Amino acid sequence: MRLHSLALACLAATFACTPDDEEAPAVEVREGTELPANIQPALLEFRDNWTIVNSGGPLVAGNTVLVGYDDDRLTDCRGDQNGKPAWSITGYHQLDGGDVGSFEAGGYSPSQGTEPPVFTLEDSGDLAMWFHNTSVWGCSAYDSNYGANWHFGVGASLSFKTDWVTEALGTPRAGAPLVIAYDPARLPDCRGTKYGHDAWNIRVHYRFDGGPAQYALLTAPQSNLQVPWPAVLDVPAGAGEVELWFENQDYYGCKAWDSQFGANYHFDLE
């Protein structure tokens, strides 16, 4: 991953201005060690109508994946023996052509149900999955997208820390989720309250390849406080760069910016 800065025109609606003679400092990016808090596990549901839905958290490095497989997708190999299923369905997963892992997906459970269909995404990249139905009588059938397997983009997370260091877990990728986490202590100004409740929030502004600016909230109300809450960005397929800058604003109109002195933060996308 390569980080770089670009000088941008100062737009009053979206960017924090910086004097012409003030140069943006270098930004330190280091490898992250853990997924940001408040990220839910991904839940990949392989449904019997041949749709695949992620109804959980984002597919990003460091997250866990729970697989829900409807065994009506594979009905060729069936039969009982001694009152129990004499067939099983095994799921397989492989990240970026690496080692192949497996899990119990249906039918007879060798572990007696003690090993749930869960695995961890060790890095970002391309996640391939497929399923194999077998029986004790030698029947064999696959759910593998006609041999091409099912593929999912696994993204990364960027955590902007209080010490002005950014931690990257995985590598940001086009066509995959990107989690943004932000420590509010980086923007301590504009902390208005109303009726005893925090009346401010922090948001990330972002755009891809110089396109239209969008934003997402990075804090959420919890009781009477605003607490850090990561945002999940959907990175378009084919995008080459993501640009980020941060804004803190309160109910009374106070605004503060973390924008690399107007240059913003730039990350290349694989």
Side-chain angles (χ1 to χ4, degrees), residues 1 31-47 49-70 91-96 98-99 101-106 115-131 149-161 166-184 201-206 208 214-223 225-237 239 242 244 246 267 269-270:
M1 177 173 56
E31 185 175 352
T33 57
E34 60 184 5
L35 196 66
N38 299 315
I39 293 295
Q40 298 300 310
L43 173 57
L44 285 180
E45 297 181 83
F46 290 77
R47 299 177 177 176
N49 61 358
W50 295 97
T51 60
I52 303 172
V53 176
N54 179 10
S55 57
L59 291 167
V60 292
N63 205 3
T64 56
V65 180
L66 174 63
V67 181
Y69 189 83
D70 193 319
Y92 297 90
H93 58 92
Q94 183 181 40
L95 188 62
D96 260 4
D99 295 337
S102 64
F103 54 88
E104 299 171 10
E115 296 182 8
V118 176
F119 61 92
T120 300
L121 298 167
E122 301 295 344
D123 204 349
S124 51
D126 174 73
L127 172 64
M129 296 184 66
W130 65 97
F131 299 85
N149 298 331
W150 305 106
H151 293 266
F152 309 88
V154 178
S157 62
L158 297 173
S159 298
F160 291 77
K161 301 292 189 176
T166 302
E167 291 189 352
L169 188 59
T171 301
R173 295 171 54 90
L178 176 61
V179 171
I180 305 296
Y182 191 85
D183 193 318
N201 59 47
I202 295 177
R203 61 187 64 188
V204 56
H205 297 266
Y206 62 97
F208 302 101
Q214 306 174 70
Y215 77 87
L217 291 175
L218 290 172
T219 57
Q222 191 172 93
S223 185
L225 302 176
Q226 285 284 330
V227 298
W229 203 270
V232 181
L233 311 185
D234 293 322
V235 182
V242 60
L244 307 168
F246 305 91
F267 296 86
L269 302 168
E270 283 195 354

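All values derive from a computational prediction rather than experimental measurement.
Without hydrogens or angle criteria, N63 side chain to L35 main chain gives no donor-acceptor distance under 3.5 Å. At least one donor-acceptor pair under 3.5 Å links the side chain of D96 to the backbone N or O of D126. Formation of a donor-acceptor pair under 3.5 Å by the S124 side chain with backbone atoms of A61 is not found in this model.
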From CA spacing to verdict: side-chain contact (heavy atoms from CB on, under 4.5 Å), M129, V67:
CA-CA 10 Å; M129 296 184 66; V67 181; 3.8 Å; yes

When you look at L233 and L244, which way does the side-chain contact (heavy atoms from CB on, under 4.5 Å) test go after all the steps?
CA-CA 11 Å; L233 311 185; L244 307 168; 4.3 Å; yes

Could you walk me through whether N54 and F152 pass side-chain contact (heavy atoms from CB on, under 4.5 Å), step by step?
CA-CA 10 Å; N54 179 10; F152 309 88; over 6 Å; no

Between V242 and V235, is the side-chain contact (heavy atoms from CB on, under 4.5 Å) condition met? List the steps.
CA-CA 8 Å; V242 60; V235 182; over 6 Å; no

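Ring-plane geometry between F119 and F103 is classed as parallel, the angle between the planes falling under 30 degrees on a 0 to 90 degree scale with a further cut at 60. Taking the six-membered ring where the residue is Trp, Y182 and F160 present tilted rings, their angle falling between 30° and 60°.
Here the closest heavy-atom approach between residue P58 and residue I39 is recorded as CD-CG2, 3.8 Å. Across A128 and N149, no two heavy atoms sit closer than the pair CB-CB, 4.4 Å. The minimum heavy-atom distance linking V179 with P36 is given by the pair CG1-CG, 4.1 Å. Shortest non-hydrogen contact noted between I180 and L218 is O-CD2, 3.3 Å.
In this structure, the side chains of K161 and D183 stay at 4.5 Å or more apart for every pair of heavy atoms. Annotation: side chain of V60 is not in contact with side chain of L169 (no heavy-atom distance under 4.5 Å). Here the side chains of L269 and R173 are not in contact, with every heavy-atom distance at 4.5 Å or above. Residues P230 and N38 meet the side-chain proximity criterion, which asks for heavy atoms closer than 4.5 Å.
In this structure, CG on D70 lies 9.5 Å from OG1 on T51, to the nearest 0.5 angstrom. How far OH of Y206 is from OH of Y215: 10.0 Å, rounded to the nearest 0.5 Å.
No more than 12 heavy atoms of other residues, nucleotides or ligands lie within 6.0 Å of CD in Q222, so this atom counts as exposed by the packing criterion. Annotation for N49: atom CG counts as buried by contact number, over 12 foreign heavy atoms lying within 6.0 Å.
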